[in-house]
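Here's the structure, in structure tokens; my notes come after.
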Number of protein chains: 2
Amino acid sequence: MATTTSGSRGGVPRGRDNTPAIREQLRAEILTGTLVPGAEISQARIAADFGVSRGPVREAFRLLESEGLIDARVNHRARVRGLSVHELEHLYSLRVINESLALTVSVPLFSEHELAELDELAEVLRHPGDEPFDFEEWDQVHQGFHERLLAHSGPRMLELADEWAAHTQRYRRAYAEGGRGLPPGAAEHVAMARLCRDRDARGAAHLLARHLSRAALTLIAQIEPTHEPVLLRAAIRQVLGPEGPSRPSEEHRRAGA
Amino acid sequence: MATTTSGSRGGVPRGRDNTPAIREQLRAEILTGTLVPGAEISQARIAADFGVSRGPVREAFRLLESEGLIDARVNHRARVRGLSVHELEHLYSLRVINESLALTVSVPLFSEHELAELDELAEVLRHPGDEPFDFEEWDQVHQGFHERLLAHSGPRMLELADEWAAHTQRYRRAYAEGGRGLPPGAAEHVAMARLCRDRDARGAAHLLARHLSRAALTLIAQIEPTHEPVLLRAAIRQVLGPEGPSRPSEEHRRAGA
DNA sequence: GCCCCGTGAACTGTTGACACTTCTGCCACG
DNA sequence: CGTGGCAGAAGTGTCAACAGTTCACGGGGC
């Protein structure tokens, strides 16, 4: 029996249009794993937890379904969608090609203030202050960095990229192995910030693509080592060109990582 | 005063879960321009038109909003979102890089049956049978061709590509200038089919990218000639490489278009 | 012992009604 | 003549209740 998850959510205060709050709360619980894949969630129970009627909950469910976080068959309880290597690969492939493009057009437009912010965040990512290492906090900063990277790519692209990044978070958390240390590649962020400052759009985009695909390949190897990531490799080729991501390339070394 | 569009939609038969039907009907009306940009649509009126209560309509509205087809401020009537060159450029940029990738991985996987279908559709696109030329019918086939091209790229990618293609349809119709003739580039489809048959993934992807970006540039030039499509050009560069789309490239000629 | 069907609980989809907000048009007032 | 504000209409967000569906469970028949 799938755990028909229960537990009281804080009631929605008193505001009008409660759907966004419900949606975001559930979304967060799914992304962080509080609501595990396969768990069944009923409109009635969620409504009760929020102290609200089923109307707004139904609307929130529709949004979560359109985002791909839950499956909702007619006349059945909704279920938190499961994880799969295929989806993980798709998500990262989308991120690789789209974020590379978004970064390419953003680089010439960064303000001095934004560049300084990137530098600062990158430094924090490399040398997190607190001991012991707090993965939650680090990942928060990490998401902020990647989000700022795409600042000037337009609202539509930004929204999509945010969604994809959020969804990959699900996999990162599920397979973080207890989050016991700095993820490999954490140091690359300072190189990226540097390339942005140098207005090297091509170099920055390439480094981002390698950065993302390394994360993806690491995860895939952990989850299902036999899986052959055809789509992801094609995505990498599209961004980096046919030569492939074999050795550290020119712009990477130049950035002095 | 914005036209608070009215008019009776056929009542939803008697099925359970009416939301999808309502959503699709409204979506189609927006995409084809029956519901013009800026038009205001009220839950109450739509509900009456469908012979249904406001509940399902609200859910449909939420989906349409998440898709970006309507704007829905709290306590206000929803409005059909307007058109803009920026969005058009974004849509086509997304299509260029994502469909190119999707096609790249699809090419090795086409069955003989699918290849034959592509050939056939491409031929119809080049020499449409009926006189006078029926744009609606032609565009139907056109969408079918592009959809089949991505058949093997996985459900998530397919869904996204379909959505983007559908949205560009809005612009194509709005600026079709009466749809009085075969769009330029219509002949390229047979070359694409040919490249698929030859299992030339790279060539097919490049041709698709050029095909899409030409359509985009034509539309942009019609709508707002002063607009400089920075994002789109970056997208083209990402797929074709730095040399740019200057001359007809090797694989294009080899396909003997 | 095994299978089938009826029954009731748990849910979902839908509806009509209620409270509150926004906007329009009009009137009194300056 | 211009302006401020005040009712009423129109619309939205929400809720509680109704009807139909799915599923688990147990009793009866074989």
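Order of the sequence lines sets the chain letters (A, B, ...), proteins ahead of strands, with each chain counted from 1. Model, not experiment: these values are computed from the prediction.
Protein atom CZ of B/R77 is 16 Å distant from nucleotide atom C1' of D/dG13, rounded to whole Å. What separates CD1 of B/I46 from P of D/dA10 is a distance of 17 Å, to the nearest Å. Nucleotide D/dT12 holds its C1' atom 11 Å from the CD atom of A/E59, rounded to whole Å. Separating the CZ atom of A/R79 from the C1' atom of D/dT22 is a distance of 15 Å, rounded to the nearest angstrom. D/dG13 atom P lies 16 Å from atom CZ of A/R58, rounded to whole Å. Atoms CD1 (B/I22) and C1' (C/dT14) sit 11 Å apart, rounded to a whole Å. Put simply, CD1 on A/I41 is 14 Å from C1' on C/dT12, counting in whole angstrom units.
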Give the B/S/- string for nucleotides 17-22 of chain C, one per nucleotide from 5' to 3', where a protein heavy atom under 4.0 Å of the base yields B, of only the sugar-phosphate yields S, and otherwise -.
B---SS
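In this model, a donor atom of one side chain and an acceptor atom of the other lie less than 3.5 Å apart for A/E29 and A/Q25. Remark: the B/T168 side chain and the B/R95 side chain contain an N/O donor-acceptor pair separated by less than 3.5 Å.
Dashed line: the shortest gap from a side-chain N or O of B/Q43 to OP1 or OP2 of D/dG13 is under 4.0 Å. Remark: A/N18 is in phosphate contact with D/dT14, judged by side-chain N or O atoms under 4.0 Å from OP1 or OP2.
In this structure, A/H146 has its ring center closer than 6.0 angstrom to the ring center of A/H211.
Listed by first and then second residue, the salt bridge (charged side-chain N to carboxylate O under 4.0 Å, His left out) pairs involving residues 151-163 of chain B are A/E87-B/R156 (not counting sequence neighbours). Annotation: side-chain hydrogen bond (donor to acceptor under 3.5 Å, both in side chains) contacts involving residues 100-109 of chain B, sequence neighbours excluded, are absent.
The aromatic rings of B/H142 and B/W138 lie parallel to each other, with less than 30° between the two planes, well short of the 60° mark.
Comparing C/dC11, D/dT12, D/dT14 by their nearest atom to the side chain of A/D17 picks out D/dT14. Each of D/dG11, C/dC11, C/dT14 was ranked by its minimum atom distance to the side chain of B/R45; first place goes to D/dG11. Here the nucleotide nearest the side chain of A/S42, chosen from D/dT14, C/dC11, C/dG13, is C/dC11.
Each of A/R73 and B/R73 lies near DNA chain C, and the nucleotide nearest A/R73 is the one positioned closer to the 5' end.
Counting heavy atoms of neighbouring residues, nucleotides and ligands inside a 6.0 Å radius, atom NE2 of A/H152 exceeds 12 of them.
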